[in-house]
Amino acid sequence: MHLTPTKEAWAELQAEDRPGPVQMLNLIRFRAGGAETYADYGRATAPIFARVGGRIVWTGRAEQVVIGPAEDRWDLAFVAEYPGLAAFREMLADPAYRKASALREAALADSRLIRLMPMG
């Protein structure tokens, strides 16, 4: 189960400051009944996400793992874009976001957050 960054991943993210937008691929697996709690998390954090300039650029439901372990199922996948890493870090540091993140942890059985660099 992976719900929060490792100390090493967090330190790397804190040290990085490349210019330009950053996209985060989110892969979400809910606990039983977790979809509703995750929706509460989304409503609580949406104003903070918007304030830092975040936007959802793609969202969908995973249908089938074609390459990879079949047990790697995800209930939700989406790509969030931020103007830069500073905006992402600002969101995570916001006290209201930190409080609402308890809803996220209560909702999820597992997750992945993969930092992407837009190309082209």
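Since the structure is predicted, the reported quantities are computational estimates derived from the model, not experimental observations.
Residues satisfying the salt bridge (Lys or Arg N to Asp or Glu O under 4.0 Å) test with R43, not counting sequence neighbours, are D40.
Rounding to the nearest 0.5 Å gives a distance of 10.5 Å between CD1 of I56 and CD of Q23. Atom CE in M24 sits 6.0 Å away from atom CG in L85 (nearest 0.5 Å). Atom CG in L27 sits 11.5 Å away from atom CG in L108 (nearest 0.5 Å). R112 CZ to R29 CZ: the interatomic distance, rounded to the nearest 0.5 Å, is 7.0 Å.
In R98, the CZ atom is not crowded: 12 or fewer heavy atoms of neighbouring residues, nucleotides or ligands sit closer than 6.0 Å.
A 4.5 Å side-chain heavy-atom check between R115 and V22 finds at least one atom pair inside the cut-off. The closest side-chain heavy-atom distance from M91 to R51 is not below 4.5 Å. By the 4.5 Å heavy-atom criterion applied to side chains, V65 and E71 are not counted as neighbours. The side-chain heavy atoms of V52 and F88, taken from C-beta on, include no pair separated by under 4.5 Å. Put simply, the side chain of L76 reaches to within 4.5 Å of the side chain of F30, judged on heavy atoms. In this structure, W74 and I28 have side chains that are not in contact, with every pair of non-hydrogen atoms separated by 4.5 Å or more. Using a 4.5 Å cut-off on side-chain heavy atoms (C-beta onward), I48 and E90 make no contact.
Minimum interatomic distance between P118 and P21 (heavy atoms only, all atoms of both residues): CD-O, 3.5 Å. G54 approaches P83 most closely through the heavy-atom pair N-CD, 4.4 Å.
Defined by atom type and a distance below 3.5 Å, a donor-acceptor pair is present between the side-chain atoms of S111 and R104.
Just one of T59, I114, N26, V57 meets the side chain to side chain contact (heavy atoms under 4.5 Å, CB included) condition when paired with V79; it is V57.
In this structure, F78 and Y38 have tilted ring planes: the angle between them lies in the 30° to 60° band.
Within the structure, every pair that satisfies the ring-ring contact (aromatic ring centres under 6.0 Å, His included) test and touches residues 44-69, not counting sequence neighbours, is listed here: F49-Y82.
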